[in-house]
Structure formats: C-alpha cells, structure tokens
Amino acid sequence: MKLKTTYLGLDLKNPVMPGASPLVDQLDNVRRLEDAGAAAIVMHSLFEEQITNQQLAEFAHTENPAESFSEATSYFPSMEDYALGPDRYLAQISKIKEMCDIPVIGSLNGVSIGGWTDHARLIEQAGADALELNVYYVATDPDEPGTAVQQRTLDILQAVKGSVTIPVAMKLSPYFSSPGHFAKQLDAMGAAGVILFNRFYQPDIDIEELEAAPRLELSNSTELRLRLRWAAILHGHLKGDICVGGGVHTVEDIIKSIMCGANVVQVVSSLLKYGPSHIGSLINGLRQWLEEHEYESVDQMRGSMSLRNCPDPTAFERANYLRVLQLWKV
Ligand SMILES: Cc1cc2nc3c(=O)[nH]c(=O)nc-3n(C[C@H](O)[C@H](O)[C@H](O)COP(=O)(O)O)c2cc1C
C-alpha cells in the first residue's frame, strides 16, 4: 500500500503534514513530528509586520532616535510577543533542515506590496524547500473593490515568485466572490499549489470594557466541509496542487479530502490539542483504512469524489442547497 505522494514538486512519504503553527518554534516538537511520520514541516509564519518593524527600528535607531511610530502600529503585538524575530526565524529553518530528513516549507505572511517580500529569498537561502504565502487581509475599506484586493494578492505572489526559485504555494481565503476563478489566476501566475483555506478569526466584543476581544477557538471537523467543496470543484482545473487545511481532525477527514482531490492535508488544531505525535495516529489510521478497503495507493483514491466529471456543478450545488433545507422537519 503506497502512501507516497507529491506536493509542490516535493516527494513526500505520505499526504499528512502539520500546518503553520507555533509548534515548530520548539525543536523538540519538530523532532516529535518527524518521528511520528509527518510528511513535511511547515514553518510558523514570518509576518510582514515583524520585518517592517525591525527595519523601522533599525532606521529610527540610526537616523532619528526621537521619531515615534505611528498610532496604527500600537494595535500590533510588540516585537517581543513573537517567539522568533526575523533573524531567529531564518536560523530556525536552517536548524530544522539540519536535523530533519523531511522537506521544510517556509511561511511568509503579509498584505502589502513592499520590501518584506524580499525575505522570501532569505527563507530560501536558509534552506526551505518550498514556501507558503499567506495574504491574510480583511477588506475593511468599503470603497476598495474586490478586483483591487485580488490584484494586490497577485502582485504579492509575483513579487515573491520573482525573488525565489523554490515552489510557492498560496494559502487562500474562502471569501473571494469566485474562489475557483481566483485560484486559477494564481495557478496561471505559477503558484505551485493552493491551500484551502486560511481560517479567519473574528474577534468577540467585551461589553464591559467596550473593547474588541481576540478569541482563539480551535477548529472541528465541521469546518472541513467548506474545504471539501472547493477541493472537489477545483480538482482537475489547476496545474498546481491542492492542499486541504482547516478542520482536518480524523482519518475520515483525510480520506474525504483526498477523495475530493487534495494532494495533501495540513493539520493544526488537532495537533495543538493532542500533541505533535498525534500525527502518527492519523497516518497509521489512513494506512489501515486504505488496506481494509483494498486501495493500492493514495493516488488511486484521489479525486474519486471530485466534481471533475460532474456535468453541471452549479446545478449540483443548488440542488444540494434545496435538499439540505428539506432536512429540517417541523
Ligand atoms: C495558534 C495558531 C497559530 C497559527 N499560526 C499561523 C501562521 O503563523 N501562519 C499561517 O499561515 N497560519 C497559521 N495558523 C493557521 C493554521 O496554519 C491553519 O490554517 C488553521 O489553524 C486551520 O487548520 P486547523 O483547522 O487544523 O486548525 C495558526 C493557527 C493557530 C491555531
């Protein structure tokens, strides 16, 4: 039974990897992930704000010590709140590359066109085998059209791709009006893969303090369905790969993702809950399920539930909508 697969041009021993998270800030966790069989290590992100803050701090120190940062920067965490600053982040990639035999995927996270994208090259030089790009952006300006948001994301991808030779995958938002078309645009621009999807966090409100209250709740398997839908729609339409990330908690979640067309899955919440070694149970469970169901390989299963051969996916989705409403009986 072959669990082997490829993703972003990398040969992987199986299709299950941790997604970007603080787990890999500690090398003993990285060791446990690799020992448990993780197909690759995905780094925590290096954020645009960290890079520009460092550059601003250096500038302020050398050019204008009295100058204070603008008010907007006060919303952000202080530099000390990040586990790894930009230099330590690059050093961490090199250390992980040295200690691991599996591929290492860097992660760069930002929203504007600017010098921070040059860090893609430094991540490559530090030894990353591929790079994930996360443009986590909430379009707060009602005067900004969706086309402008998409164009900026494409421009960021182009800038990053222009500075590296390693494959670049894009972690996508599900909130584009036509995610499939946007994924195709990214694919045409040379994205080696798309990660479906970024998980957006909605702050709560503290009604006593009249403050926004950031809340981090881990996902559960119900969040997977949004990813399954889009993997199934996109399978067969992209040159690049599909990674399902978000709501992958069980062996069944992995199987569904691959059946919908995913090359690989990424897991975060369940590893934060049960620890890095839990990835081993998921991989063993996948192997066992495939054997029990007499599959010869993961590849054989991939795409069996995609909408690739569906004559009218729009009608299919509309029909499912109508059917689901009939499920509620009063
Ligand atoms: C504590 C925490 C930190 C995260 N940090 C990052 C990050 O640095 N970069 C990123 O692209 N995604 C980050 N994510 C998002 C995860 O990579 C993943 O996309 C998301 O948690 C959905 O997967 P899950 O349902 O398995 O948790 C983070 C998630 C959590 C819970």
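In each ligand, atom 1 is the first atom listed, and ligand 1 is the first ligand listed. This is a predicted model, so every value here is computed, not measured.
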**Q** Please write down residue, atom name and distance for the protein heavy atom closest to atom 29 (C) of ligand 1.
**A**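 Closest protein heavy atom to atom 29 (C) of ligand 1: Tyr201 OH, 3.4 Å.
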**Q** Give the single entry among Ser21, Pro22, Pro18 that approaches atom 1 (C) of ligand 1 most closely by any heavy atom.
**A**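 Residue with the shortest heavy-atom distance to the ligand atom: Pro22.
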**Q** Run the contact test for Lys171 against ligand 1 with a 4.0 Å cut-off on heavy atoms, strictly below, and give the result.
**A**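 Yes.
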**Q** Could you report the tightest heavy-atom contact between Val24 and Ile41, atom names first, then the distance?
**A**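 Taking Val24 first and Ile41 second, the nearest heavy atoms are CG1-CG2, 3.7 Å.
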**Q** What protein heavy atom is closest to atom 6 (C) of ligand 1, reported as residue, atom name and distance in Å?
**A**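 Among all protein heavy atoms, the one nearest atom 6 (C) of ligand 1 is Ala20 O, 3.5 Å.
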**Q** For Glu132, which residues count as a side-chain hydrogen bond (donor to acceptor under 3.5 Å, both in side chains) partner, sequence neighbours excluded?
**A**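 If we apply the side-chain hydrogen bond (donor to acceptor under 3.5 Å, both in side chains) test to Glu132, skipping adjacent residues, the hits are Gln266.
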**Q** Measure Phe47 to ligand 1 on non-hydrogen atoms and call it side chain, backbone, both or neither using the 4.0 Å cut-off.
**A**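 The answer is the side chain.
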**Q** Below 4.0 Å from ligand 1: does a non-hydrogen atom of Phe200 turn up there or not?
**A**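 Checking ligand 1 against Phe200, which is what was asked, there is no heavy-atom contact under 4.0 Å.
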**Q** Using heavy atoms and a threshold below 4.0 Å, how should the contact between Asn134 and ligand 1 be classified: side chain, backbone, both, or neither?
**A**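 The answer is the side chain of Asn134.
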**Q** Look up atom CD in Glu317 and atom CG in Leu322, then write down how far apart they are to the nearest 0.5 Å.
**A**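 Going from CD on Glu317 over to CG on Leu322, the span is 11.5 Å.
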**Q** May I ask you to list the atoms of ligand 1 that are less than 4.0 angstrom from any heavy atom of Gly247?
**A**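 Contacts of ligand 1 toward Gly247, numbered from 1: 24 (P), 25 (O).
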**Q** Quick one: list whatever passes side chain to side chain contact (heavy atoms under 4.5 Å, CB included) with Gln300, sequence neighbours left out.
**A**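 Counting only residues at least two positions away or on another chain, Gln300 forms a side chain to side chain contact (heavy atoms under 4.5 Å, CB included) with Tyr295, Glu296, Ser297.
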**Q** Enumerate the atoms of ligand 1 whose separation from the nearest heavy atom of Ser219 is less than 4.0 angstrom.
**A**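 Numbered from 1, ligand 1 contributes 24 (P), 25 (O), 27 (O).
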**Q** Any non-hydrogen side-chain atom of Arg88 less than 4.5 Å from a side-chain atom of Gln92?
**A**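 No, their side chains stay 4.5 Å or more apart.
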**Q** Between the side chains of Ser219 and His249, is a donor N or O closer than 3.5 angstrom to an acceptor N or O?
**A**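 Judged by distance alone, the side chains do pair up.
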**Q** Looking only at distances, can you tell me whether any N or O atom of Gly19, backbone or side chain, sits closer than 3.5 Å to an N or O atom of ligand 1?
**A**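 For ligand 1, there is no N or O atom that lies under 3.5 Å from one belonging to Gly19.
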**Q** If you have a sec, work out which protein heavy atom is nearest atom 7 (C) of ligand 1 and how many Å separate them, to one decimal?
**A**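 So the nearest neighbour among protein heavy atoms is Ser45 OG, 3.4 Å.
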**Q** Is a side-chain donor-acceptor pair under 3.5 Å present for Ser281 with Asn284?
**A**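 Asn284 vs Ser281: no donor-acceptor pair found between side chains.
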**Q** Any idea which protein heavy atom is nearest atom 23 (O) of ligand 1, and the distance to it?
**A**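 Here the nearest protein heavy atom works out to Gly246 CA, 3.4 Å.
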**Q** Between Asp299 and Lys4, is there a salt bridge with N-O shorter than 4.0 Å?
**A**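 Here Lys4 does not pair with Asp299 in a salt bridge, since their nearest N and O are not under 4.0 Å apart.
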**Q** Considering distance alone, does some N or O of Leu216 sit under 3.5 Å from an N or O of ligand 1?
**A**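 No, Leu216 has no N/O under 3.5 Å of an N/O on ligand 1.
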**Q** Is it true that atom CD of Glu292 has more than 12 heavy atoms of other residues, nucleotides or ligands lying nearer than 6.0 Å?
**A**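 Buried by this count: over 12 neighbours within 6.0 Å.
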**Q** For atom 26 (O) of ligand 1, what is the closest protein heavy atom, and at what distance to 0.1 Å?
**A**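 Nearest protein contact, heavy atoms only, for atom 26 (O) of ligand 1 is Val268 N, 2.8 Å.
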**Q** N/O to N/O below 3.5 Å, does that happen between Ser270 and ligand 1?
**A**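 N/O-N/O distance below 3.5 Å does not exist for this pair.
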**Q** What residue and atom, counting heavy atoms only, is the protein's closest point to atom 31 (C) of ligand 1, and at what distance?
**A**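 The answer is Leu272 CD1, 3.6 Å.
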